[in-house]
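Worth saying up front: this structure is predicted, and the values here are computed from it rather than measured. Below, chain A is the first sequence line, B the second, and so on; all start at residue 1.
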Amino acid sequence: MSKDKSAKIPTPQPVRGTQDMLGDFADRFAYVVETFERVRRLYGYKRIEVPVIEPTAVFARSLGETTDVVSKEMYSFEDRGGESITLRPEFTAGIARAYISNGWQQFAPLKVATHGPLFRYERPQKGRYRQFHQLDAEVLGSDSPLADAELLVFADQLLKELGVAEGVTLTLNTLGDAASRDAWRAALVEHFMGRKADLSEDSLARLDKNPLRILDSKDPRDRPIADSAPDIDAFLTNEAQDFFGAVTAGLDAAGVAWERNARLVRGLDYYRHTAFEFVTDRLGAQGTVLGGGRYDGLIENLGGPPTPAVGWAAGIERLAMLLADDLIDTRLDFVIALEDDGRLMFAMNALAALRNKGFATEIVATGSPRKRFDKAGKIPARALISIGTRDGEPYVNIRGDDELTISGSAIISAL
RNA sequence: GCGAUCAUAGCUCAGUUGGUUAGAGCGCCGGUUUGUGGUACCGGAGGUCGCGGGUUCGAGCCCCGUUGAUCGCCCCA
């Protein structure tokens, strides 16, 4: 060890937009995942694992022509063989690729769920990171509106069981089938062209690239124009109308509250019919907690057979931030304060016995013996055991939760 | 890619119109209580004030640059 400060080794900085978690937030994170794993079983969704890395084509092809996303917001690199690899920015495309690769058509309709890290090369802000984590649920190979409805009921129950449903609203829209969508899009472009002079600069650019996006613009100049734009309803084919009606009927039957948001859109062309977001105003600019929709065109885009599918994803960090403060009890059962090092072996024996009986137990046996009781008292635990010597005799004292005090005494006196 | 705000001890922050040896709380380490006791008292360690230039007799404070963070815009699969 050198004390020469000039020889100090510089500490590498974490990659921008990544995070380290310890304690409270890590516990919340795990709680979200555990709850998801429990609830997805209730709905019969199979656990699925797909790679974190995929050939870039998996995402580039699924995302189509949306240049910004592909060119600027993916983590891509060349491997040693010269192949372009991308860190997955979403689950859906990888799962769709796996569905084709493994011939999972034989299992259709296939209900799957997964969770894990995703990567997007974006500017970090509240609830938005470069490495982030999502829960994901998909139904592949079903064209039934019941699949959409079930997925939404699943999502609704998950949010309720997490205790975050308060202040979170399910907003729902339909993008219709291909024919409905094309007709609506044409009408929107015509509407916006007529008001071109009043649109914001951003929306003028959207008019070329992605006119549907003008509908959810945040710019106050765009709002009156967006609000007066035609809804898709007048352009829906009978089939599309029936489909949406069946989804909402399914939600009503299951008692799931929802709101129509005729301004909710998706940028990518493979989206059909149902589009939805669970939104909150508690997360700053990143208000979407869980979102998804039907993507009947995606698997075909990847070279697979025409396959209807629907799914959603939810940000684990965002859900973790919404959890109530006192939701998770991370207290130990016991904490032992060893106040006399002469009793160390006895204390270790007691520690092992308590742990073997299934009690979460920690020991404080370092530092000034006189301070160990105070130190132990600061560790969150339901009962405190002090072990020491009094009048030359060993003594053990347990205080705290009544039941634990009794079972703890029994275990220790049996030693 | 754009904008705003910020950067002082391990953590959370003070630091007055630029003026001697840069402070507090928490945490850490040690001591005190001859105690059945839980946030007490005393002491200690720990800081090139993000980094690099500049202005000045003198800069934590002012100016420029740079790096990073936060929040927002764009984008949002």
Side-chain angles (χ1 to χ4, degrees), chain A residues 4-6 8 10-19 22-23 54 58-75 86-96 118-130 132 134 136 200-206 209-210 212-213 216-219 264-271 275 277 283-288 291-293 295 297-298 301 311-313 315 335 337 339-340 364 366-381 383-391 395-400:
Chain A
D4 184 358
K5 288 190 175 179
S6 66
K8 199 176 166 189
T11 305
Q13 292 182 332
V15 173
R16 178 193 288 257
T18 61
Q19 46 181 345
L22 171 70
E54 292 277 358
V58 168
F59 306 111
R61 224 175 276 157
S62 78
L63 293 168
E65 78 293 347
T66 50
T67 50
D68 250 25
V69 169
V70 173
S71 64
K72 290 173 62 178
E73 308 204 10
M74 294 204 313
Y75 257 106
T86 294
L87 267 37
R88 64 183 179 198
E90 60 163 345
F91 279 113
T92 308
I95 291 172
L118 303 173
F119 303 84
R120 296 181 186 176
Y121 199 85
E122 297 184 291
R123 196 70 175 258
Q125 52 192 52
K126 189 179 182 66
R128 194 175 192 182
Y129 308 95
R130 286 190 174 178
F132 60 105
Q134 284 188 341
D136 187 88
S200 67
E201 304 77 39
D202 284 337
S203 285
L204 279 176
R206 291 184 183 113
K209 292 196 297 189
N210 206 349
L212 299 202
R213 278 285 169 204
D216 54 14
S217 169
K218 290 173 186 167
D219 195 305
L264 178 61
V265 294
R266 291 278 114 98
L268 303 177
D269 284 337
Y270 58 68
Y271 280 100
E277 290 182 359
L283 288 175
Q286 310 303 323
T288 301
Y295 51 93
L298 172 61
N301 279 5
W312 56 249
V335 60
E339 298 188 281
D340 175 358
V364 177
T366 57
S368 167
R370 287 184 162 171
K371 285 189 175 166
R372 291 183 196 166
F373 186 90
D374 286 348
K375 207 176 186 179
K378 288 178 185 172
I379 296 174
L384 172 57
I385 302 173
S386 58
I387 296 176
T389 303
R390 193 186 171 204
D391 301 328
Y395 83 93
V396 176
N397 184 42
I398 308 183
R399 342 174 83 213

Inset, instruction - Would you indicate what A/Q19 reaches in the nucleic acid, counting non-hydrogen atoms under 4.0 angstrom: base, sugar-phosphate, or nothing? - result: nothing
Inset, instruction - Indicate, with a heavy-atom threshold strictly under 4.0 Å, whether A/Y271 touches base, sugar-phosphate, or nothing. - result: sugar-phosphate
Inset, instruction - Could you check if a side-chain atom of A/R61 sits within less than 4.5 angstrom of a side-chain atom of A/N301, using non-hydrogen atoms only? - result: no
Inset, instruction - Select one nucleotide: of B/rC74, B/rC76, B/rG38, the one nearest the side-chain heavy atoms of A/D202. - result: B/rC74
Inset, instruction - For B/rG50 versus B/rG10, give the span between their P atoms, rounded off to a whole number of Å. - result: 13 Å
Legend entry - Between B/rC74 (C1') and A/E122 (CD): distance, integer Å: 10 Å
Legend entry - Side-chain heavy-atom pair A/V396, A/I385 within 4.5 angstrom cut-off: yes
Inset, instruction - Provide the distance between the two P atoms, one in B/rU70 and one in B/rC13, to the nearest whole Å. - result: 14 Å
Inset, instruction - Would you kindly give the CD1-to-P distance between A/I95 and B/rA77, to the nearest whole Å? - result: 16 Å
Inset, instruction - Taking Watson-Crick and G-U wobble pairs with both distances under 3.5 Å, convert RNA chain B into its dot-bracket string, 5' to 3', dots for unpaired and | for cross-strand pairs. - result: (((((((..((((.....[...)))).(((((.......))))).....(((((..]....))))))))))))....
Legend entry - For atom OH of A/Y75 and atom C1' of B/rA77, their distance in whole Å: 17 Å
Inset, instruction - Kindly compute the distance separating CZ (A/R128) from CD (A/Q286), expressed to the nearest 0.5 Å. - result: 5.0 Å
Inset, instruction - Sticking with atom P, work out how far B/rC26 lies from B/rA22, rounded to a whole angstrom. - result: 22 Å
Legend entry - P atoms of B/rG54 and B/rU12, separation to the nearest Å: 32 Å
Legend entry - Any A/R372 side-chain N or O less than 4.0 Å from OP1/OP2 of B/rG37: no
Legend entry - Atom pair distance, as rounded to whole Å: CZ in A/R128 and P in B/rA77: 10 Å
Legend entry - Whether A/S203 side chain and A/R206 backbone form a donor-acceptor pair below 3.5 Å: no
Inset, instruction - In whole angstrom, give me the gap between the P atoms of B/rA14 and B/rU8. - result: 10 Å
Inset, instruction - Check every strand shown and say whether A/T288 touches a base, only sugar-phosphate, or nothing at a heavy-atom separation below 4.0 Å. - result: nothing
Legend entry - Pairwise C1' distance, B/rA4 and B/rC28 [rounded to whole Å]: 38 Å
Legend entry - Nearest-angstrom distance, P atom, B/rC51 to B/rA9: 10 Å
Legend entry - Rounded distance [0.5 Å steps], CZ in A/F132 versus CD in A/E122: 7.0 Å
Inset, instruction - Could you please name the option among B/rU36, B/rA77, B/rG30 that lies closest to any side-chain atom of A/M74? - result: B/rA77
Inset, instruction - Could you tell me whether the side chain of A/L298 reaches within less than 4.5 Å of the side chain of A/S62, counting heavy atoms only? - result: yes
Inset, instruction - Side-chain contact test, heavy atoms from C-beta onward, threshold under 4.5 Å: evaluate it for A/P124 versus A/R16 and give yes or no. - result: yes
Inset, instruction - Return the value, rounded to whole Å, for the distance between atom CZ of A/F59 and atom P of B/rC76. - result: 18 Å
Inset, instruction - Can you tell me the distance, in whole Å, between the CZ atom of A/R206 and the P atom of B/rC73? - result: 11 Å
Legend entry - B/rC41 versus B/rG27 - spacing of their P atoms, nearest Å: 12 Å
Inset, instruction - Decide, yes or no, whether a salt bridge links A/R266 with A/E277 under the criterion of side-chain N to carboxylate O below 4.0 Å. - result: yes
Legend entry - A/E339 backbone acceptor or donor facing A/R372 side chain under 3.5 Å: no
Inset, instruction - Classify the side chain of A/D374 and the base of B/rG37 as holding, or not holding, a donor-acceptor pair under 3.5 Å. - result: no
Legend entry - OH (A/Y121) with more than 12 external heavy atoms under 6.0 Å: no
Inset, instruction - Would you indicate, yes or no, if B/rC75 has its OP1 or OP2 atom less than 4.0 angstrom from a side-chain nitrogen or oxygen of A/N210? - result: no
Inset, instruction - Would you mind reporting whether A/F91 and A/Q134 have side-chain heavy atoms less than 4.5 Å apart? - result: yes
Legend entry - A/L118 and A/P89, any side-chain heavy atoms less than 4.5 Å apart: no
Inset, instruction - Could you check if a side-chain atom of A/I379 sits within less than 4.5 angstrom of a side-chain atom of A/L384, using non-hydrogen atoms only? - result: no
Legend entry - Between C1' of B/rC76 and CZ of A/F119, the distance in whole Å: 18 Å
Inset, instruction - Write down the distance between CG (A/D340) and P (B/rG35), rounded to a whole number of angstrom. - result: 18 Å
Inset, instruction - Assign A/E73 to base, sugar-phosphate, or nothing according to its heavy-atom contacts below 4.0 angstrom with the strands shown. - result: base
Inset, instruction - Classify every nucleotide of nucleotides 65-72 of chain B by which part a protein heavy atom approaches to under 4.0 Å, writing B for the base, S for the sugar-phosphate alone and - for neither, in 5'-to-3' order. - result: ---SS-SB
Give me, pair by pair, the N or O atoms of the protein and of nucleotides 26-28 of chain B that are less than 3.5 Å apart, along with how far apart they are.
from	atom 1	to	atom 2	distance (Å)
B/rG27	OP1	A/K378	NZ	3.3

Inset, instruction - Could you grab the distance from atom OH of A/Y75 to atom CZ of A/R88, nearest 0.5 Å is fine? - result: 15.5 Å
Legend entry - RNA chain B: 5'-proximal contact among A/Y395 and A/R213 (nearest heavy atom): A/Y395
